Amino acid sequence: MPVYNFKGMKPVPTAPELVDIVLMRTQRRTPTVVHPGYKITRIRSFYMRKIKFTQQTISERLSGMLTDFPRLNDIHPFYADLCNTLYDRDHYKLALGQINTARSLVDSIARDMIRMVKYGDSLYRCKCLKRAALGRMCTVLKRQKASLAYLEEVRKHLSRLPALDPNTRTLLMCGLPNVGKSSFMNKITRGNVDVQPYAFTTKSLFVGHCDYKYLRWQVIDTPGILDHPLEERNTIEMQAIIALAHLTCSVLYFVDISEQCGYTIDQQCSLFRSIKPLFANKQLIVVVNKVDQQPWESLEEAKRAMVQGLADDANCSLMTMSNLSEHGVSDVKAAACDKLLATRVDARVSGKKIEGVMNRLQVFNPAPRDGVTRGAFIPDSDGVTDGDVDMDGGNIRKTARELMWEGGGPGVWAPDYRDQYDLADDSWKFDKIPEIIDGKNIADFVDADILDRLEALEREEEQLVAESDAARMGEEPESDLESEEEAAVEAIRARKKIIKEKKLATNTQNKPMLPLSIRGKSKDKHDAGTLLATEIRKTMDSIGVDSSKMLERGRLLERGRKRERSLSRSRRGADDEDAAMDVDVSGLSKAALKKIKKEKGEKARRDLSQARSHSRPREPSQMGLKDSESVKSAQKLDRLGRKGWMGASGEGDTRKSVHLVKWMNTGKKRNGTHYQR
Amino acid sequence: MPQHEHMERHAKLHGRRFDAEERERKKEARMVHKRSEFAQKVHGIRAKLYQKKRFKEKATMRKTIAMHNERNNKHADDDAVADGAVPAYLLDRQGVSRAKVLSNTIKQKRKEKAGKWEVPIPKVKPVADDEMFKVMRTGKKQNKAWKRVVTKCTFVGDSFTRKAPKYERFIRPSGLRMRKANVTHPELKTTFQLDILGVKKNPSSQIYTNLGVLTKGTILEVNVSELGLVTTTGKVAWGKMAQVTNNPELDGCVNAVLLV
Ligand SMILES: Nc1nc2c(ncn2[C@@H]2O[C@H](COP(=O)(O)OP(=O)(O)O)[C@@H](O)[C@H]2O)c(=O)[nH]1
Ligand SMILES: [Mg+2]
């Protein structure tokens, strides 16, 4: 269901404004710097972009207008007709049509000019073409001056139309001017319509809303209608006629029986007759107004009969009312609403959609079995009906917070929590508790056996400590060094520390250090490795340490382990035999035994035929390394270390080798060229 | 929710501020200063636009003021007869408005000037070949340079069929082909968009004429049947000459003046 709200329409700029908007936008949103030295393709695309962008902006703007403005064929006929009378349908359509053609014109101009720019061979030419294109587009816009101005006026007016929903529950007032329609509107809604004692105070449709039976009702006040043919009606009257013609609603026809409005009852009745066709299929009530001035009962018989005749003719009810004394105002409203509601519900029920709902609806109203009344049952355990809880006339008891606010708010009144104490005797609840009695602190005596428990705790802890001590006794806590040796170790460590610090202090180079193991094995003649035997001997001798043992150990370490002789072949075969003998042969069948024997024999033969395993010397690079892991790390360190050693600036200094090999990339090629063959 | 003329209604119901008129007056009085401030501050294209707008406003203002002023310029008053006797050398003097004479002479001069030449644009800058044609390199290795592309707008007749590309020396790009011209009728002072029938003469070169190149000063034949012009013999004129007045390759359209 579309909602008819025309307030969201964007303002329509005037033609010069629109031109300004478009050109400014192009200027701000596209690149502005171009030089004749640029490649011609770049220059062309620069200007093409400008043209395209301008066209897009214009297109966007105009399309926005076209979508914003309601299309008269698509909207509710009430609004379509209203627009027709207010803005003239032809004019409206023409204006929108012109906007549409302007848009397509601009599109085609842009297309043509972009095609021309594609052939531009200089900046000047491209620029001239761009200028021409923008100028032509703007001229098209300028031509729309009148349409744009008209549309802006229409937009302003449309946005101020009341948000009237043609499909909702509606009450509609009609009648001659000055009969009290607007006064009634103001009585039942907050529409705040102008009320003045002269004709045509209300010049257009006004909408208000009221509440009835928890539903929202739309109330429409119309301008007065004069009694003359349709062709002579002016725009103001036509609005009322359109509302009457297109809205399904409850109509209140107002008759002023005091004739203060300036029209006789006769005239009012003849208007009723002339617009009676518009009341078809609507709920009609003839409202006799201003009975405070001229009571209905004391009206002349003839006039009364005439008014009554109207109601009888149209087969509708007649109600008396006065806006001044408020007599019957709410009755009229209620009657009109009820009538409309009844027909709307009827229409719903008789419609097709209802079936889907009705199928699912079933209302049961069981017949009473006997005369016993069965009231609501509230269980006693609920707390609400508990005997000992304070009941305030059957209400739920008050909370402490409510009581606090009643007693004067926080800080003034606080609840007494003592009444919630759970004691052996309730009468003790509010007894005073002293702090000190007979020079003794009561708090000390609250827990009578506290000392006993403290003692138990301490005992437990002692026991735990003892246990843990006992567990530790089993281990060897001390090192096996003698005190003399220990002192030596201390001294060594101290010396080491001093050496390290000294080195740190005197060290001037800031380079990554090579690991000692690598440097030690170095083959550089200028820097003999520190692990070289001669070097070690020299340094150690200078300190006065016997180096022979040290060197011996080093050699051992470098080799990894003592060299062992590999076992001889015969020994090995004997061992295998021993192992094979372990197989439990008892309880096996003859065939199985035979099989085992055969296998053994084969194995021995195989072993003998195998070449003797050589104890090959290790590869020189892996000499002295324990396992593959250390081999790997040694290789890595070697690689890294070599880098540093061979003259690169550091480990991070990775050189690239020649990647463009000259012989591959120069010279003549056999088949074709270097690029193509 | 406000409906219809809610602002006016509010003013009617509750009145306006007591100083509303005063504020309006002040606002208007300040407007001058505001404007001048803006005019001094603004620069660039906005300044140009603003000054142009302001100039127009001022011009209309001056015109209206002049219109309201008492007319004090001289104008023709034939019945202004000098009182009393007039010397002989003043006898041939008539009451003639100076302004009128002036304007008449100017018109006369213009007419003479216009009559001197037969076409609206008598002289055109010749267009050199290398400006007119762009060399198009062809061949498998792009090493042949005998083809030419016309860089100006051209008119290509309906019956034109391309030669085989191998033999086509001059290429007239379809993007630069024009079929219509905006032709101004100098006497009617109106402009029509008319079909081009053919290029009669391109003043720069005969080749250009044959190729149908449209440059400034080119003489075209246009279809004027829409105009309903009648020849001296009473037939409806169909084709008429017109001269191009703009550079079509710069403007993207052909403007021409009808030669009558
Ligand atoms: N005495 C009396 N005057 C009324 C009553 N209703 C409206 N009027 C007056 O009639 C005049 C016109 O009322 P208005 O509501 O503008 O009529 P409308 O033209 O039908 O909208 C106003 O001066 C009201 O004060 C009524 O019930 N009794
Ligand atoms: Mg009214």
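No hydrogens, no waters, no symmetry mates; every other heavy atom, side chains included, goes into these values. Just so we're on the same page: letters track the sequence lines, and every chain starts at 1. Bear in mind the structure is a predicted one, so any value in this text is a computation, not a measurement.
- The side-chain heavy atoms of K12(B) and D194(A), taken from C-beta on, include a pair separated by under 4.5 Å.
- For M241(B), the CE atom counts as densely surrounded, since its 6.0 Å shell holds more than 12 non-hydrogen atoms of other residues, nucleotides or ligands.
- Formation of a donor-acceptor pair under 3.5 Å by the H4(B) side chain with backbone atoms of L205(A) is found in this model.
- If you measure heavy-atom distances from R190(A) to chain B, you find no contacts under 4.5 Å at all.
- Residues passing the side-chain contact (heavy atoms from CB on, under 4.5 Å) test with H10(B), sequence neighbours excluded: H14(B).
- In this structure, L13(B) CG and N192(A) CG are separated by 6.5 Å, a value rounded to the nearest 0.5 Å.
- Contact record, R125(A) with T151(B): NH2-O, 2.6 Å, taken as the closest heavy-atom pair.
- Using a 4.5 Å cut-off between heavy atoms, V117(A) makes no contact with chain B at all.
- Of residues 164-179 of chain B, those residues with a non-hydrogen atom less than 4.5 Å from any non-hydrogen atom of chain A are, in numerical order, P173(B), S174(B), G175(B), L176(B), M178(B).
- Around atom CZ of R131(A), no more than 12 heavy atoms belonging to other residues, nucleotides or ligands sit under 6.0 Å away.
- Annotation: M7(B), atom CE; neighbour count of heavy atoms from other residues, nucleotides and ligands within 6.0 Å does not exceed 12.
- Residues of residues 24-39 of chain B never come within less than 4.5 angstrom of chain A, heavy atom to heavy atom.
- Residue-level contacts of residues 245-255 of chain B with chain A, in order of numbering, are P248(B), E249(B), L250(B), D251(B), G252(B), C253(B); threshold 4.5 Å between heavy atoms.
- The residues K134(B) and D121(A) are annotated as not salt-bridged, no charged nitrogen and carboxylate oxygen being separated by less than 4.0 angstrom.
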